[in-house]
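Heads up: the structure comes next, in structure tokens.
Letters go in sequence order (proteins before strands), and every chain restarts at 1. Values below: every heavy atom of this structure, side chains too, minus hydrogens, waters and symmetry copies.
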Amino acid sequence: MKPNRWLTQVAFACLAISPLAHAALGGSAQSVQADQASMGASRTAANQALNAVQGNYSVQSMTLPSGTVVHEYLSNTGIVFAVTWLGSAMPDLHQILGAYTSGATDAIQAYRAQHPGIGPVSVTANNMVIQASGHMGVYAGRAYLPSALPAGVALNEIQ
Amino acid sequence: MRNLFLLISVALALGLTGCGGGGGSSTTTVVTPPVVVPTIANQIAVTVNQGLSGEPNTPNVSVTICVPGTTTCQVIPNVLLDTGSFGLRLFASSITIPLPTRTDGGGTLTNCAQFGLGTTYGSVQLADIKLAGEIASNTAIQVIADPNFSTVPGACANGGVQVTSAAILRSNGILGIGSEPVDCPACVSSAGQGVYFICTSSSSCTQTTVAAALQVTNPIANFPQDNNGDLITLPALTASGATSANGTLTFGIGTQTNNALGSAAIYTTTPFSNTSQFYDTFTTVFNGGSNLAFVDSGSNATFFDDGSITQCNISTGFYCPTSTLALTAVMQGVNGTNSAQNFSVANAQTLFDNGEFATNNIGGTTQAGVFDWGLPFFFGRTIYTALDGHSTPGGTGPYVAF
């Protein structure tokens, strides 16, 4: 599906002015389009088929040029409260985490200082949880905002 | 090679003598000498101890690298043994011999690897990798934090936090011996994986596709023999753990007398040719939920999602139940092989505080939908890992077996 050109341009303009405010996590519905444009993602029929409303949120699915599939969880009140990824390449975490990037970086480094190695990571930073697992070439992960979860959403729905 | 031929010739000659004896006088006693089987030393030591990391369940090995085709070699100890990645990665600062870089299309090839939100970046260089008697000749490795390529491209930097020194990783490198022969099968046809770059200067690098033959390569795949997989054997532990545990890494599956499959059950995993999204994985059912699952010596705990288990206050991300939990999950190979596996989750903080560097009951949390059978699962077992597309007496890889 071809992205809306006007929307794409607006998204790029906004990103140029304030990239953090318009990145996905914690962002609005428009930030989903901004992410899609920034990461060059496509939304195929298969992606669209996943966009069904699940009660009080919808899953916005997109496929990155690498083949990795990203799901953005959009509440009915218009907030992206979670993002997940699965595929052969890591997504652009700066784009996905936006304003949460630096906090996540600090938390990951603090975790690794305590537990060095190469296994999965699960850390909390600035009221955001980021978890990453998988093996080389199969990267699975999610980031979510516990305080922004719509009522009744269980954490194991975010995958 | 000449010695090998000589041994076979001698063995054949002796065998023929034996046969001839059978047809002669009944009083002749034929003493058959033991069959001489030419073997290549195919086993190295694995030590799970304090190592450089001070982190429990870090399996360490020593790796010898040489300038290709020469006897200029260097032994690098405390390299993390990882069935969850593919290829050898070493820090530039710990390499003292002059290795050639790999060039492709007019520039130097650089490589980016992701490990649990950590990212290693550096040039691709060539070495003869020696492990016991096995030699992976002229094999591409990643040289992390190469000062000649210190500017990390955005497509690599945006995937995680940079790991730039052995002091940060607290290992001298990573020996990836998982099921893929090369580190980025998707890169053969896709430049956008954030894994390979062609650099015309230290800061001018663009993403590129790379033929499998030029990629950072699982050294096992480059051995002339014993090249279809490996097995890791670690001793059984008591629930209280141990300060260290000694085991072995053996190369080849069903190629020598010490690497037969025996009665091991084979759990096939999804080959890369079927999917670029979740290859080398199988299924594990836990608490009624189906999970993407894999067996990974580079993960130091059993990582799974169970919101009902108390997490540790200090060691966040690990489980700290007040009393040890006895749990069960069902492993399901793609081939239908399935079995219920019991595992324990003890108080991780207690084990950390007690200085137990080898434990079979550390658990940790991870995102819903993923089940990571880390090093605790290896203790008391021999676990086979077969390479994707390589044939073994138990069928074609990829699979894990135990």
(message) Tell me which of these, Glu180(B), Gln311(B), Arg89(B), has more heavy-atom pairs under 4.5 Å with chain A than the rest.
(response) Arg89(B)

(message) If I measure from the heavy atoms of chain A, does Ile314(B) come under 4.5 Å with its side chain, its backbone, both, or neither?
(response) both

(request) With the side chain counted from C-beta on, respond yes when Leu64(A) and Pro91(A) share a heavy-atom pair under 4.5 Å apart, and no when they do not. (result) yes

(message) Over 60° means perpendicular and under 30° means parallel, so tell me whether Phe272(B) and Tyr279(B) are parallel, tilted or perpendicular.
(response) perpendicular

(message) With a 4.5 angstrom heavy-atom cut-off, is it the side chain or the backbone of Thr275(B) that approaches chain A, or both, or neither?
(response) neither

(message) Using 30° and 60° as the class boundaries, would you call the ring planes of Tyr267(B) and Phe282(B) parallel, tilted or perpendicular?
(response) perpendicular

(message) Counting only non-hydrogen atoms closer than 4.5 Å, does Gln109(A) touch chain B with its backbone (N, CA, C, O), its side chain (CB onward), both, or neither?
(response) side chain

(request) Side chain from CB out, backbone as N, CA, C, O: work out which of these in Met136(A) comes under 4.5 Å of a heavy atom of chain B, or both, or neither. (result) both

(message) Please classify the contact of Tyr139(A) with chain B as side chain, backbone, both or neither, using a heavy-atom distance under 4.5 Å.
(response) side chain

(request) Would you indicate whether the side-chain heavy atoms of Val138(A) and Asp280(B) approach each other to under 4.5 Å? (result) no

(message) Please classify the contact of Asp305(B) with chain A as side chain, backbone, both or neither, using a heavy-atom distance under 4.5 Å.
(response) side chain

(request) Would you please indicate yes or no on a ring centroid separation below 6.0 angstrom for Tyr144(A) and Tyr73(A)? (result) no

(message) Please classify the contact of Leu93(A) with chain B as side chain, backbone, both or neither, using a heavy-atom distance under 4.5 Å.
(response) both

